[in-house]
Number of protein chains: 2
Amino acid sequence: MNLKGHQRAVPEPTLRRLPVYHHMLRQCLDGGMETVSCSQIADELHYDPTQIRKDLAVTGIKGRPKVGYDLAELVDAVETFLGWNSTRKAFLAGAGHLGSALVGYGRFNRYGLEIVAAFDRDPARIGRKVHDREVLPITKLPNLARRMHVLIGIITVPAPAAQEVADLMVQGGIRAIWNFAPTRIEAPDDVIVQNEDLYATLGVLLQRLNTTLREG
Amino acid sequence: MNLKGHQRAVPEPTLRRLPVYHHMLRQCLDGGMETVSCSQIADELHYDPTQIRKDLAVTGIKGRPKVGYDLAELVDAVETFLGWNSTRKAFLAGAGHLGSALVGYGRFNRYGLEIVAAFDRDPARIGRKVHDREVLPITKLPNLARRMHVLIGIITVPAPAAQEVADLMVQGGIRAIWNFAPTRIEAPDDVIVQNEDLYATLGVLLQRLNTTLREG
DNA sequence: TAGATTGTTAATCGATTAACAATC
DNA sequence: TAGATTGTTAATCGATTAACAATC
């Protein structure tokens with residue numbers, strides 16, 4: 001019922017819970033279960049059952065009253081919805097500790113993401129191999145991205161270089177950026193920027209720890 | 001006024017924005033600025049000015065009408081509030097790619113966190129050096145944590161081992177856990193668990209990318 | 001059938017944003 | 001003083017939770 005034909009975007013909190021469900025559901029599936037109900041999920045995850053129903057509904061899955069959801073079907077629906085059933089190529093910029101770890105972290109391959117090349121600005125790093133992948137000069141990123149139809153960029157450079165790298169990515173036609181630098185990145189509206197701000201989590205952790213130590 | 005003397009916990013969204021302010025404010029400070037107003041911050045970060053004022057207020061800082069905030073004072077207030085002005089020791093469990101990267105990532109030292117030892121279950125990893133730190137057997141974690149008064153644990157083991165490792169940490173008196181495994185961890189109420197769920201961010205990124213590609 | 005569970009509509013809660021008085 | 005900005009109270013918005021009818 002909307003003129004532009006656009007669905008209302010799925011709320012981010014819902015989207016972030018889906019991988020949590022997925023992990024739990026896959027374990028159930030591997031354990032031989034065939035169906036699952038929201039109350040079972042709720043007991044395990046300590047979420048509200050109504051919330052779980054609403055969350056799962058966005059994937060298009062239908063449950064059966066009194067029975068629950070078909071587990072195999074549900075896992076597949078979540079994977080398809082999150083884009084984990086196909087694989088997209090990604091470029092990573094910044095072959096430092098964190099970047100190299102992500103390149104070597106093969107598990108993302110089963111979650112829709114294949115890091116096909118790493119880039120850096122530092123001549124000392126260029127040409128080196130990181131987990132069997134050669135580190136390329138960052139200047140080559142835009143052309144290569146276009147030629148290889150790479151739509152995802154991962155930024156693991158230090159904060160001062162992040163915007164510059166993002167600009168190169170946008171120039172290369174990249175449409176989604178996973179940003180590990182603790183800084184805001186400007187990009188056109190049709191480019192998705194998702195921040196993974198480790199310092200934010202660290203700040204929350206330390207503040208809450210200090211609070212409980214002071215009060216407890 | 002509340003009988004137990006506890007402050008209402010600062011909302012997590014506010015807490016997660018403070019590091020973002022901090023990064024920007026420090027840059028301003030390094031650039032020679034002396035005061036900053038909420039509208040300046042808002043222009044840069046694209047946040048609502050009222051929200052910024054409320055967020056900053058939790059640190060106890062006072063601004064001056066018509067002038068704004070004293071920048072040096074503000075940066076210090078944020079750092080102190082987040083616990084970035086002192087350093088706490090942390091143990092890391094799981095010396096794989098990601099764990100090793102975090103151990104080698106020295107920048108956390110200036111943000112309140114010093115990773116003093118890495119642990120693993122795998123005999124092939126135990127005894128090896130990771131960025132000049134020897135990898136210790138995970139079984140030694142509880143005793144060492146108590147002896148060294150380590151209150152923070154970082155979990156970078158695979159999901160199936162995460163709960164077991166968390167239990168060892170709790171047993172060793174650890175009070176805050178930074179969990180990189182994509183699984184829920186059970187811990188006593190007085191132990192803080194902060195999840196860094198890379199798969200959640202990845203899922204959001206891919207789902208939104210697929211949506212825009214389909215619609216655009 | 002009775003009971004459990006889904007799906008959906010309504011109520012609540014908390015966070016964001018708007019309005020505005022206080023102040024330098 | 002006039003104007004800009006803070007700090008705070010009120011209104012809005014969106015997400016979570018409760019209530020309940022539909023269904024197997």
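Note that this is a predicted model, so its numbers are computed, not measured.
Here the C1' atom of nucleotide C:dA4 and the NZ atom of A:K66 are 5 Å apart, to the nearest Å. Rounded to whole Å, the distance from CZ on B:R64 to C1' on C:dA22 is 15 Å.
For the atom pair CG of A:L82 and CG of B:L202, the computed distance is 8.5 Å after rounding to the nearest 0.5 Å. Within the model, atoms CZ of A:F81 and CG of B:L206 stand 11.5 Å from one another, a figure rounded to the nearest 0.5 Å. Once rounded to the nearest 0.5 Å, the distance linking OG of B:S39 with CZ of B:R53 reads 8.0 Å.
The closest side-chain heavy-atom distance from A:F119 to A:L144 is below 4.5 Å.
Relative orientation of the B:F108 and B:Y105 rings is perpendicular, given thresholds of 30° and 60° on the angle between their planes. Between B:Y111 and B:H22, the ring-plane angle classifies as perpendicular under the 30° and 60° cut-offs.
For the segment residues 10-20 of chain B, residues with any heavy atom less than 4.0 angstrom from an atom of DNA chain C are, sorted by number, B:P11, B:P13, B:R17. Listed in residue order, the members of residues 35-62 of chain B having a heavy atom less than 4.0 Å from DNA chain D are B:S37, B:C38, B:T50, B:R53, B:K54, B:K62.
Side-chain polar atoms of B:D55 and B:T14 form a donor-acceptor pair below 3.5 angstrom. No donor-acceptor contact under 3.5 angstrom links the side chains of A:R184 and A:N179, judged on distance only.
Between A:E79 and A:R110 no salt bridge is recorded (no basic side-chain N to carboxylate O distance below 4.0 Å). In summary, A:E12 and B:R208 engage in a salt bridge, as defined by a charged side-chain N under 4.0 Å from a carboxylate O.
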Practice task
Treat a base pair as Watson-Crick or G-U wobble with both distances under 3.5 Å, then lay out DNA chain D in dot-bracket form, 5' to 3', with | for cross-strand pairs.
Solution key: ..||||||||||||||||||||||
